[in-house]
Amino acid sequence: MTGESKALSLTIALLFIISASLLATITTASSIPQPPRDQTVVIGGGLWSPPTNFNPLVPWSATTGTIGLIYETLYLYIPNLNKWIPWIASDMPKWINSTAIEIKLRNAYWWDGKPITSEDIKFTYYTLPKEIPSLYYANILSYLINVATPDARTVIFKFNATSMNYPQFYYYLYTLPILPEHIYQPIIKKVGMKILKMPIVGASKPEDIVGSGMYRVYYTTSDTLYYVRADNWWGKAYFGLPGPKYIKYIMVFSNQVAIAMLVRGDLDWSNFFIPGVPTLVNRYNFLVTFYKTKPYYLPANVAVLFMNVHKAPLNDPRFRKALYYAIDIDRIINEVYQGAVEKANPVGLINIPAWQQFLAKDLIEKFGYKYDPKMAEKLLNEAGYVDRNGDGWRDLPNGTTIDLKIIVPYGWTDWMQAAIIIADCLKAVGIKAEASFPAYGVYADKMYKGEFDLLINNFGSFVSISPWTYYEWLLWPDAPKIGQYSWSGNFGRFYNKTIRSLLEEISHTPLSNINKLKQLYRELELVLLQQMPYIPLWYNAAWFQATTIYWTGWPTSGNPYGMPLTWPGTWQYGGLLTLLHLKSMKVTGTTTSHTVSPTQTTTSPQVTIPAKTTTSTTLTHKTSSTPISTTPAITTSTPTTTPVPASSNATYGIIVAIIIIGIIVGVIIWWRKR
């Protein structure tokens with residue numbers, strides 16, 4: 001055979017393989033029946049890239065539902081109620097003595113029929129971080145010295161009394177997914193730390209993962225994730241089964257598309273930031289938000305203005321205080337959010353029970369921080385930041401003009417508007433400032449390396465069992481110097497010996513010692529008010545909109561059983577309970593009219609609901625819900641097109657396959673005619 005003949009043969013063979021593979025994929029996809037709409041809850045707001053990563057050991061990049069729906073935690077924690085719900089655990093933790101906690105387990109099972117035992121708990125909390133030192137929660141070994149398993153349903157955690165970190169351990173009780181030792185241990189022995197790079201552990205495809213949760217993967221497309229209820233779920237005996245048989249989780253990158261889908265009934269449960277919600281709620285009687293009026297949502301995290309405290313004049317606490325007085329936060333809340341978020345207090349403690357008890361309200365009142373541009377100008381003048389060269393802008397004492405940039409990621413529209421308002425406010429008191437919108441990757445690099453002037457971020461400020469998680473992220477004492485990556489927080493690189501000592505003492509204090517903790521937090525907040533190393537702006541909301549067209553039973557202020565969140569890593573805050581509460585409108589025999597509510601307002605901004613569309617250039621802000629950890633929060637870029645339905649994907653695939661086959665035939669005919 002000649003070289004040309006061999007090349008032709010190889011080309012034809014390759015084309016046949018490609019077309020056969022495409023046809024096999026199409027056949028598989030088309031053979032999977034589409035779930036009935038009245039048995040499916042359609043969710044959006046937490047899927048921002050193709051659903052391909054289901055590795056619970058890298059939660060910052062794992063597909064939503066990996067932790068919660070597939071792999072479960074020992075407990076659920078409901079922040080708005082400060083309530084614990086034993087999940088895999090059967091009871092609340094019991095202190096045996098000052099250095100040991102006992103936890104009993106329910107009669108729970110993995111999907112392969114094997115029981116969840118105390119050995120799985122030990123493996124997750126103790127063995128895994130020992131064998132994989134770079135695991136994101138490996139710092140637990142600084143105080144967890146052993147885990148005993150006296151029987152299959154009893155776990156005893158043993159701690160080092162001097163290094164015990166109480167708030168972190170309790171945080172891990174409701175955030176660490178319990179993993180099957182019989183699946184994971186053999187893989188670790190074979191690949192070691194490479195397990196962290198595996199998109200799926202213990203299976204060749206997500207449908208075959210062995211988890212323990214109430215839903216397993218049904219199938220995936222490039223832009224849609226389908227879950228199917230595990231009807232043999234062990235929790236059925238304790239909690240019953242969730243209402244929806246199927247979950248369809250979709251990618252949507254446009255505010256207007258999300259609004260249209262919600263109003264048309266194509267989206268049941270939204271965790272998007274959607275502007276104009278106050279108008280929509282008053283217009284459509286089938287729309288649900290947690291509150292019927294302002295602020296409409298529960299608070300979820302703190303939007304913080306970080307300041308690079310190593311760069312003049314931001315290294316001067318007098319200048320930082322002046323910035324607080326200069327910024328009109330109420331303007332941001334009203335113009336950007338229509339009152340759908342709440343203004344943060346000067347230390348940033350969210351209004352949830354676990355945090356508010358440690359807010360030193362008398363200190364807040366004493367310092368009296370508020371929007372007061374006259375006070376800002378007074379402080380700036382007294383500190384010597386005046387216009388020295390007559391160009392209309394304030395200068396440093398050496399005559400250099402102060403020129404600040406406020407960065408937020410491009411496409412995060414609400415933060416972009418907020419940054420513009422902040423720049424306007426600073427200009428009003430003579431400070432040259434500009435809002436800048438780099439691509440997310442550039443923004444993140446500048447943030448983690450501390451190479452910025454001002455930026456807005458909220459990644460590690462999520463509501464939790466203790467404000468320690470928030471302050472530790474905000475003020476992380478071990479943050480490296482500027483230019484090195486600070487994955488765990490303290491992006492402005494503020495360091496204070498008193499703060500460091502207080503954070504450490506708080507971590508070593510039992511959560512039950514309320515009086516001591518109040519005093520420690522008071523001392524910490526005093527330093528913050530004196531130094532103003534960062535500015536809490538507003539409490540970013542737990543964005544939640546739903547409809548009662550197909551499903552009812554949503555959590556609201558009248559029935560506040562949980563936070564209805566589905567962002568990655570947040571299902572255990574109330575999303576799982578929401579699924580258990582949902583009831584099909586078809587089953588209940590209830591119908592919902594798509595009529596305009598008679599209480600429609602006329603003063604709210606108008607919101608246009610577009611017709612069904614396939615593309616949009618309006619980008620939505622992606623709210624982060626990354627847990628506090630020693631790892632980076634990974635955020636994907638935001639495309640500008642809406643997802644293509646699975647049926648369309650199959651159609652395109654068929655067309656491509658036909659084209660490839662046509663090419664093969666054409667090549668053969670051409671070759672023979674030579």
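Only this structure's heavy atoms are used, side chains among them; waters, hydrogens and symmetry mates stay out.
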Undergrad: Can you confirm if the NZ or CZ of Arg522 lies within 45° of the ring axis of Phe358 and under 6.0 Å from the centre of its six-membered ring?
TA: no
Undergrad: Report the residue from Ile407, Leu474, Ile456, Leu454 that forms a side chain to side chain contact (heavy atoms under 4.5 Å, CB included) with Phe306.
TA: Leu474
Undergrad: Could you tell me which non-hydrogen atom of Gly240 sits nearest to which non-hydrogen atom of Trp233, and how far apart they are?
TA: O-CZ3, 3.3 Å
Undergrad: Among Phe290, Phe544, Tyr539, Trp543, exactly one meets ring-ring contact (aromatic ring centres under 6.0 Å, His included) together with Tyr297. Which residue is that?
TA: Trp543
Undergrad: What is the minimum heavy-atom distance between Val147 and Phe157, and which atoms define it?
TA: CG2-CD2, 3.9 Å
Undergrad: State which residues pass salt bridge (Lys or Arg N to Asp or Glu O under 4.0 Å) with Lys481; sequence neighbours excluded, sorted by chain then number.
TA: none
Undergrad: Specify the closest pair of heavy atoms between Ser222 and Pro51, including all atoms of both residues, with the distance to one decimal.
TA: O-CD, 3.9 Å
Undergrad: Does the cation-pi check pass for Arg216 over Trp111, that is, NZ or CZ under 6.0 Å from the six-membered ring centre and within 45° of its axis?
TA: yes
Undergrad: Does Lys122, at its NZ atom, have more than 12 non-hydrogen atoms belonging to other residues, nucleotides or ligands within less than 6.0 Å?
TA: yes
Undergrad: Grab the two heavy atoms, one from Trp48 and one from Gly45, that are nearest each other, plus how far apart they are.
TA: NE1-O, 3.4 Å
Undergrad: Does the side chain of Pro79 come within less than 4.5 Å of Met563's, by heavy atoms?
TA: yes
Undergrad: Any donor-acceptor pair under 3.5 Å linking the side chain of Asn308 with the backbone of Phe452?
TA: yes
Undergrad: Tell me, please, which residues at least two apart from Asp112 pass side chain to side chain contact (heavy atoms under 4.5 Å, CB included).
TA: Trp110, Lys114, His182, Ile183, Val210
Undergrad: Pick one: which of Trp355, Tyr77, Tyr573 meets ring-ring contact (aromatic ring centres under 6.0 Å, His included) with Phe462?
TA: Tyr573
Undergrad: Could you work out, with side chain to side chain contact (heavy atoms under 4.5 Å, CB included) as the rule, every residue matching Ala148, not counting sequence neighbours?
TA: Pro150, Ile156, Lys158
Undergrad: Could you go through Ile121 and Ile178, starting from their C-alpha distance and side-chain angles, then the distance that decides it, and tell me whether this counts as side-chain contact (heavy atoms from CB on, under 4.5 Å)?
TA: CA-CA 6 Å; Ile121 314 304; Ile178 304 305; 3.6 Å; yes
Undergrad: Return the set of residues passing side-chain hydrogen bond (donor to acceptor under 3.5 Å, both in side chains) with Thr63 (not counting sequence neighbours), or none when no residue passes.
TA: none
Undergrad: Under the salt bridge (Lys or Arg N to Asp or Glu O under 4.0 Å) definition, can you give me all pairs with a residue in residues 193-209, not counting sequence neighbours?
TA: none
Undergrad: Where the side chain of Asn490 meets the backbone of Glu472, is there a donor-acceptor pair that is under 3.5 Å apart?
TA: no
Undergrad: For Gly348 and Val302, work out which heavy atoms get closest and say how close.
TA: O-CG2, 3.3 Å
Undergrad: Would you mind listing every side chain to side chain donor-acceptor pair (under 3.5 Å) that reaches into residues 507-520, with sequence neighbours excluded?
TA: Gln519-Glu523
Undergrad: Tell me which one of Trp571, Tyr174, Phe239 satisfies ring-ring contact (aromatic ring centres under 6.0 Å, His included) with Trp87.
TA: Phe239
Undergrad: Yes or no on side-chain contact (heavy atoms from CB on, under 4.5 Å) for Leu196 and Ser134, after CA distance, side-chain angles and deciding distance?
TA: CA-CA 9 Å; Leu196 298 177; Ser134 60; 3.5 Å; yes
Undergrad: In terms of ring plane angle, is the pair Trp412 and Tyr443 parallel, tilted or perpendicular, where the classes change at 30° and 60°?
TA: tilted
Undergrad: Any side-chain heavy-atom pair from Val309 and Gln531 closer than 4.5 angstrom?
TA: no
Undergrad: To check you understand the geometry: which heavy-atom pair defines the closest contact between Ala354 and Ser464, and what is its length?
TA: CB-O, 3.8 Å
Undergrad: Below 4.5 Å, heavy atoms only, C-beta onward: do Leu503 and Leu524 meet side chain to side chain?
TA: yes
